[in-house]
Every structure is written in C-alpha cells, then in structure tokens.
Amino acid sequence: MESIADSLHANGDSTPPYEYEQPLPSSKIPILDGQHTPQNIALHGFIVGSLFGLGIGISLYSEKLFQLGLFIAALGLFHVLEYLLTAMFNADKLSLDTFLINNGKAYHIAFASGMIEYLIELWLFPGTKKFGFINLIGLFCIIVGQTARSLAMWHAKSNFSHQLVYYKQPDHELVTTGVYAYLRHPSYFGFYYWAIGTQMMLFNPICLTAFVRTLHYFFSERLKEEEPTLIRFFGDEYREYRKRTKTWILSYDLLVDKERIREDDLRSNNHD
C-alpha cells in the first residue's frame, strides 16, 4: 500500500491551467498514451462515471449484491471527486494521475481482494452477507470519510496537494479553519475511514483486518515524515495547532501522536 502514499497527499509545470497541446489531425489523435489531453480526460471521466452508475444499478436491482453495488458506486464517486475538486481549486496541478486511478498494484490488489472475498463468502456463507448493523456502520463510515476528504480539499483549496511537498511555496498557508478546525489532516482521516468503511459494509473480516493494519502503518509513517516538515514550514503556529487538534485516526492518536508531541516539546524547550 506504500504506493498509495504518493497518490494521497504535483507541482504543476509551467503550462497554464487548461491549456492543451494543439490537436493533431483526426487520423493521428492519440488516446491512452498517458498524456493529459481532452480525449484522455473524457475517457477517464467516462470510466469512473460508469463505475458509479454500474454500482448504483447493481444496488438497486440486486438484493443479493446490494453491498457490492454500493461499494462499486463509492469507488467511482471517490475517483470522480478527486479530479473534480482538484480542477476547481488546483487547476495547475491537474494530470491524469489526479483521478487516482493509477494508484499502483497495492491499491488495485487491495480493493480487488475486497470484491473477491465478498463474492467467495457470499457463495459459501450467504447468510453473513445480509445487510445488517455492521454493514450500516460501514456505510456511515464511507459517507463520513468521503465528506471529510472532500471538505479538506474544498477548504484547503490551492494549499492541498496529493503529494508531500518539502519546500514551502510563497503562497502556502496553514489552514486551520473549516474542517481543519476540528480535524488535523482531514483528508487522511477521510480516506482512512472511507477505506475501512468499504470493508465493514461488505462484511469482509479478512480484508477489514488487513486494511486496518496496513492503513495504520501507512498513515503513521506518512505523518512521521509530514509533521516535522510542517513544523519546519510554520514553526510554533503549527505546534500550537497540533496540540489543539487530533487526526482522529485513533490508532495514530493513541499510539504515536502523544509521544511525538511530547518529544517535540522537549526538543523545543532544550533549544530555548
């Protein structure tokens, strides 16, 4: 799942937003060549939009595959919103990778495994796949997670990036309003509970366990790298912000965050 790290949190080139190369003659228009061209944008949008529509259709017309349909719809909506919100506030950072479709083998294996586990257990133990309380909690987590991630991109606007940045841009500001007033790293919170929610809704005990362990490791390592960078960017402003907010990724808050804040305070006092 390490490859997800590079996808979740690109400095653009010098090309102005929405400026594309001059179109080639119709007989030579390339497609699926990895370039951020109108035809490739349309194709990617069609794919993820169709995924959303397929999922809604399955959930409406197949009681047996109801949860699977919702899962497919949630997956399609996630990828649509990643590109849409970036286009709204970060047009100079747009690329085909903004759809987050190409998240690497680990990402694809993880969610393919979730679908496979659901179908195998539906075949072997159909009674376990009836929609119940656990499934409802999973659906709630998906909605909360997607909402938090989308609000993070909305409130951060041009300060949001899908990749870690190591050099502070002149216009880079510390966002502490909106959803950031209540959540530190709300986009991480959103993806964490969205991903775990998909496996709860599918009632996949094996994949749920694997997702929790993997996401805890991923976000712990990610934040160990990112938070010192933010302290370097914003100094005491970020230290104070970190003290009054939580990530609400419970495994991180309980096992890692308190200790790191304590260590940082000790280093800061020693420097004083």
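A 6.0 Å sphere centred on OH of Tyr238 holds more than 12 heavy atoms belonging to other residues, nucleotides or ligands. For Arg213, the CZ atom sits in a loose shell: 12 or fewer heavy atoms of surrounding residues, nucleotides or ligands are nearer than 6.0 Å.
One N or O on the side chain of Gln39 and one on the backbone of Pro30 form a donor-acceptor pair closer than 3.5 Å. For the pair Asn204 (side chain) and Gly114 (backbone), a donor-acceptor distance under 3.5 Å is present. A donor-acceptor distance shorter than 3.5 angstrom exists from the side chain of Ser220 to the backbone of His216, with no hydrogens or angles considered. Listed for the Ser59 side chain is a donor-acceptor partner under 3.5 Å among the backbone atoms of Ile56. At least one donor-acceptor pair under 3.5 Å links the side chain of Glu117 to the backbone N or O of Cys207. In this structure, Lys105 contributes its side chain and Ile109 its backbone to no donor-acceptor pair below 3.5 Å.
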Where do Asp33 and Asn40 land on the side chain to side chain contact (heavy atoms under 4.5 Å, CB included) test, with the steps shown first?
CA-CA 8 Å; Asp33 59 350; Asn40 283 324; 2.7 Å; yes
As a quick check of understanding, evaluate side chain to side chain contact (heavy atoms under 4.5 Å, CB included) for Arg184 and Glu227, giving each step before the final call.
CA-CA 10 Å; Arg184 197 165 84 250; Glu227 296 230 304; 2.9 Å; yes
Phe191 and Phe78: CA distance, side-chain angles, deciding distance, ring-ring contact (aromatic ring centres under 6.0 Å, His included) verdict:
CA-CA 9 Å; Phe191 185 81; Phe78 171 78; 5.8 Å; yes
Set out, in order, the CA-CA distance, both residues' side-chain angles and the distance that settles ring-ring contact (aromatic ring centres under 6.0 Å, His included) for Phe211 and Phe111, then state yes or no.
CA-CA 10 Å; Phe211 271 49; Phe111 285 102; 5.5 Å; yes
List the steps, then state whether side chain to side chain contact (heavy atoms under 4.5 Å, CB included) holds for Leu65 with Leu119.
CA-CA 9 Å; Leu65 299 177; Leu119 292 172; 4.2 Å; yes
I'd like to know whether Lys129 forms a side chain to side chain contact (heavy atoms under 4.5 Å, CB included) with Lys64, so could you lay out the CA-CA distance, the side-chain angles of the two residues, the decisive distance to 0.1 Å, and finally the verdict.
CA-CA 8 Å; Lys129 298 304 180 182; Lys64 184 181 293 187; over 6 Å; no
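Counting heavy atoms from C-beta outward, Glu82 and Met153 have side chains that approach closer than 4.5 Å. Side-chain contact between Leu223 and Thr247 is present, with at least one heavy-atom pair separated by less than 4.5 Å. Inter-residue side-chain proximity for Phe233 and His172 is flagged as met; some heavy-atom pair is nearer than 4.5 Å. Here the side chains of Arg242 and Ile231 are in contact, with some heavy-atom distance below 4.5 Å. Side chains of Met200 and Leu139 form no contact here, defined as non-hydrogen atoms less than 4.5 Å apart. Side chains of Tyr166 and Glu225 form a contact here, defined as non-hydrogen atoms less than 4.5 Å apart. Counting heavy atoms from C-beta outward, Thr37 and Ile41 have side chains that stay 4.5 Å or more apart. Between Ser161 and Lys93, some side-chain heavy-atom pair lies under the 4.5 Å cut-off.
Expressed to the nearest 0.5 Å, how far CG of Leu77 lies from CD1 of Ile143 amounts to 10.5 Å. Distance check: Leu208 CG to Gln199 CD gives 7.0 Å after rounding to the nearest 0.5 Å. A distance of 10.5 Å separates CG of Leu202 from CG of Leu122, quoted to the nearest 0.5 Å. With rounding to the nearest 0.5 angstrom, the CZ atom of Phe160 is 13.5 Å from the NE2 atom of His155. Here Ser95 contributes atom OG and His36 contributes atom NE2; the two are 6.5 Å apart, rounded to the nearest 0.5 Å. Rounding to the nearest 0.5 angstrom, the gap separating the CE atom in Met201 from the CG atom in Asn135 is 8.0 Å.
Using a 4.5 Å cut-off between side-chain heavy atoms of Ile, Leu, Val, Met, Phe, Trp and Tyr, with links allowed through other members, Ile134 and Ile206 fall into different hydrophobic clusters. Taking hydrophobic clusters as Ile, Leu, Val, Met, Phe, Trp and Tyr residues chained together by side-chain heavy-atom distances below 4.5 Å, Ile120 does not share a cluster with Leu68. Both Leu75 and Phe140 are members of a single hydrophobic cluster when ILVMFWY side chains are connected at heavy-atom separations under 4.5 Å. In the hydrophobic clustering of ILVMFWY residues, with side-chain heavy atoms under 4.5 Å counting as a link, Phe71 and Phe125 come out apart. The cluster map of Ile, Leu, Val, Met, Phe, Trp and Tyr, joined by side-chain heavy atoms under 4.5 Å apart, puts Leu70 and Leu54 in the same cluster.
The two residues Leu81 and Ser150 come nearest to each other via the heavy atoms CD1-OG, 3.7 Å. Across Ile101 and His108, no two heavy atoms sit closer than the pair O-NE2, 2.7 Å. Residues Gly190 and Ala148 approach most closely at CA-CB, 4.1 Å, considering heavy atoms. Thr245 approaches Ala181 most closely through the heavy-atom pair CG2-O, 3.9 Å. The shortest non-hydrogen separation linking Asp236 to Arg239 is OD1-NH1, 2.8 Å. The minimum heavy-atom distance between Leu43 and Leu32, with the atom names listed, is CD2-CD2, 3.3 Å.
Residue pairs meeting the ring-ring contact (aromatic ring centres under 6.0 Å, His included) criterion with at least one partner in residues 41-68, sequence neighbours excluded, are His44-Phe99, Phe66-Phe131.
The aromatic rings of His185 and Tyr188 sit parallel to each other, their planes meeting at less than 30°, with 60° as the upper class boundary.
Side-chain contact, Tyr193 with Gln146: no donor N or O sits under 3.5 Å from an acceptor N or O. In the model, Glu173 has no side-chain atom that pairs as donor or acceptor with a side-chain atom of Asn159 under 3.5 Å.
Between Tyr180 and Tyr241, the distance separating the two ring centers is not shorter than 6.0 angstrom.
A cation-pi arrangement is present between Lys157 and Phe89, with the terminal nitrogen or guanidinium carbon under 6.0 Å from the aromatic centre and inside a 45° cone about the axis.
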